[in-house]
Amino acid sequence: MEEISGEGLFARQGGKWTKRKYVFKRWLPVDEYTRYIEPFLGGGSILLDAPIKKDAIACDTDTKVIRTFKDLQHLDIDAFVNYDFAPHSRARWNRERKELADNYSEMTPTARFIKTMYVNSHSFNSKGDTYTATKNNTLSQLKRNVGRYKDIVKDVKFFKQSFTETIPKYDSKNSFFYCDPPYYGTDASDYETGEIDHESLFKALDKIKGYFLLSYNDAPYIRRLYKDYYITSFKNAQTLSGAQAGRTQHKEVVDLLISNYEITD
């Protein structure tokens with residue numbers, strides 16, 4: 001699998017980037033599935049580096065996430081790469097954010113993508129809500145990778161919908177789901193829908209004909225819920241909730257990878 005360096009389009013709290021190497025070590029072999037489904041797309045750091053087939057579906061309940069990936073499919077690469085994101089200031093950030101909000105539907109996909117990336121890259125947790133002057137490497141990384149990203153997602157189908165609809169709708173014996181939901185008992189305010197019903201996710205995955213790989217925090221409740229499945233753990237760096245702009249903090253935590261197929265180190 002060719003490795004692509006980058007952090008996806010959105011660098012969110014609880015994002016998949018730091019756990020990415022562990023996820024791919026336990027990935028289902030590519031000859032075992034023909035359809036890939038990601039019900040919790042987020043910033044896309046797994047989607048943009050996964051050995052996916054042409055039949056790929058990516059979903060999220062966050063409207064901005066889905067719209068931005070769809071804009072990427074129609075992006076003018078040269079316009080983005082040559083766009084001057086400097087100089088940066090709070091005043092410019094406020095102007096760009098207001099123009100994006102006021103004229104979103106009238107803009108071209110390229111214009112929307114450029115402004116969305118600018119606003120997100122200078123906001124806490126890439127949400128586009130709170131300004132931060134912290135230097136962010138997202139834009140320079142994205143300029144290097146955006147051509148490959150566009151090629152990767154060109155045939156992906158993106159939908160705004162929850163896992164309760166996505167999982168049963170696209171399940172088959174040839175389907176492979178990678179799920180990275182908001183973690184159990186943690187702050188889920190960065191997700192548009194907030195906390196999810198973890199038992200409902202378990203029930204949805206417990207019924208599938210295909211395969212799943214699931215990321216979770218190491219909580220006794222989660223271990224009990226998935227006790228009949230394969231569980232492995234690893235240490236991961238987690239961004240602390242509430243860290244102030246410019247003072248991002250991390251702590252080492254234990255995360256789980258759960259699957260309905262055997263995974264080995």
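Residue numbers count from 1 along this sequence.
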When you compare the side chains of Asn145 and Arg148, does any donor N or O come within less than 3.5 Å of an acceptor on the partner?
yes

Under the criterion salt bridge (charged side-chain N to carboxylate O under 4.0 Å, His left out), I'd like the reasoning laid out for Lys235 against Asp255: C-alpha separation, chi angles, the key distance, then a yes or no.
CA-CA 6 Å; Lys235 292 181 179 179; Asp255 279 356; over 6 Å; no

Quick one: does any side-chain atom of Arg223 pair with a main-chain N or O of Ala219 as donor and acceptor, under 3.5 Å?
no

Side chains of Cys179 and Leu205 in contact at under 4.5 Å (non-hydrogen atoms):
yes

Any donor-acceptor pair under 3.5 Å linking the side-chain atoms of Glu106 with those of Tyr104?
no

Check against salt bridge (charged side-chain N to carboxylate O under 4.0 Å, His left out), Arg95 and Glu99:
CA-CA 6 Å; Arg95 287 196 304 272; Glu99 184 175 348; over 6 Å; no

When every non-hydrogen atom of Leu256 is compared with those of Asn217, the smallest separation belongs to CD1-O, 3.7 Å

As a test of understanding, state which of Tyr131, Trp93, Tyr118 forms a side-chain contact (heavy atoms from CB on, under 4.5 Å) with Ser123.
Trp93

Thr68 and Met117, any side-chain heavy atoms less than 4.5 Å apart:
yes

Give a yes or no on whether the backbone of Leu75 and the side-chain of Lys150 come within a donor-acceptor separation of less than 3.5 Å.
yes

At their closest point, which heavy atom of Phe85 faces which heavy atom of Ile114, and how far apart are they?
CE2-O, 3.7 Å

Salt bridge Glu96-Arg92, side-chain N to carboxylate O under 4.0 Å
yes

Angle between ring planes, Tyr183 versus Tyr216, binned at 30° and 60°: parallel, tilted or perpendicular?
tilted

Atom pair CG/NZ of Leu100 and Lys115 - distance to nearest 0.5 Å
7.5 Å

Is the backbone N or O of Asp78 less than 3.5 Å from a side-chain atom of Asp76, with the two atoms forming a donor-acceptor pair by type?
yes

Run Lys25 and Phe234 through side chain to side chain contact (heavy atoms under 4.5 Å, CB included) and show every step you take.
CA-CA 11 Å; Lys25 280 177 65 178; Phe234 63 95; over 6 Å; no

Step by step, would you call Ser215 with Tyr178 a side chain to side chain donor-acceptor pair (under 3.5 Å)?
CA-CA 8 Å; Ser215 301; Tyr178 171 66; 2.6 Å; yes

Pair Asp60 + Lys160, salt bridge at N-O below 4.0 Å
no

Do you reckon Met107 sits in the same ILVMFWY cluster as Tyr83, going by side-chain contacts under 4.5 Å, direct or chained?
no

Between Trp27 and Phe24, how do the two ring planes meet: parallel, tilted or perpendicular, split at 30° and 60°?
tilted

Ion pair check, Lys207 and Asp171, cut-off under 4.0 Å
no

Taking NZ in Lys157 as the centre, count heavy atoms belonging to other residues, nucleotides or ligands within less than 6.0 Å. Is the count above 12?
yes

Asp180 to Phe40 - nearest heavy-atom pair and separation
O-CB, 3.4 Å

With side chain to side chain contact (heavy atoms under 4.5 Å, CB included) as the criterion, how do Tyr170 and Arg35 come out once you've worked through the C-alpha distance, each side chain's angles and the decisive distance to 0.1 Å?
CA-CA 9 Å; Tyr170 299 111; Arg35 169 181 281 179; 3.9 Å; yes

I'd like to know if the side chain of Thr110 pairs up with that of Thr108 as donor and acceptor (distance under 3.5 Å, no hydrogens or angles considered).
no

Does a donor on one side chain sit under 3.5 Å from an acceptor on the other, for Ser172 and Lys209?
no

Rounded to the nearest 0.5 Å, what's the gap from OG1 on Thr164 to CG on Asp197? Could you check?
9.5 Å

Shortest non-hydrogen pair, Leu47 vs Ala58, comes out as CD2-CB, 4.2 Å

Is there a side-chain contact between Tyr230 and Ile258 (heavy atoms, below 4.5 Å)?
no

Atom pair CG/OG1 of Leu41 and Thr61 - distance to nearest 0.5 Å
10.5 Å

How about Ile46 and Lys19: do any of their side-chain heavy atoms sit closer than 4.5 Å?
no

Asp206-Tyr229 side chain donor-acceptor pair, cut-off 3.5 Å:
yes

Test item: Phe158 and Gln73 side chains (from C-beta on) under 4.5 Å apart, heavy atoms:
yes

After noting the C-alpha distance and the side-chain angles of Glu32 and Tyr261, does the key distance pass the side chain to side chain contact (heavy atoms under 4.5 Å, CB included) rule?
CA-CA 11 Å; Glu32 296 291 329; Tyr261 56 92; over 6 Å; no

Side-chain touch Asp55/Thr34, heavy atoms, less than 4.5 angstrom:
no

If I compare all heavy atoms of Leu213 with all of Ser259, which pair ends up nearest, and what's the gap?
CD1-CB, 4.0 Å

Do Leu257 and Val30 sit in the same hydrophobic cluster, where Ile, Leu, Val, Met, Phe, Trp and Tyr count as joined when their side-chain heavy atoms come under 4.5 Å apart?
yes

Hey, are His198 and Tyr221 close enough side-chain-wise for a donor-acceptor pair under 3.5 Å?
no

For the rings on Phe212 and Phe177, is their centre-to-centre separation under 6.0 Å?
no

Under the side chain to side chain contact (heavy atoms under 4.5 Å, CB included) rule, what do Tyr149 and Leu72 come out as? Steps first, then yes or no, please.
CA-CA 8 Å; Tyr149 284 180; Leu72 174 60; 4.1 Å; yes

Kindly indicate whether a cation-pi arrangement holds for Lys70 with Phe113, taking the cut-offs as under 6.0 Å to the six-membered ring centre and within 45° of the axis.
no

Under 3.5 Å: donor-acceptor pair, side chain of Asn260, backbone of Gly210
yes

Reported OH-to-CG distance for the pair Tyr211 and Asn174, which is rounded to 0.5 angstrom:
8.0 Å

Treating Gln161 as the side-chain partner and Cys59 as the backbone partner, does any N or O pair qualify as donor plus acceptor under 3.5 Å?
no

Let me know which of Tyr184, Phe163, Tyr226 forms a ring-ring contact (aromatic ring centres under 6.0 Å, His included) with Phe202.
Tyr226

Distance, nearest 0.5 Å, that separates CD1 of Ile231 from CG of Leu214
9.5 Å

Mind listing the closest non-hydrogen atom pair of Ile152 and Leu48 along with its distance?
CD1-O, 3.2 Å

About how many Å separate CG of Leu139 and NE2 of His88, when rounded to the nearest 0.5 Å?
10.0 Å

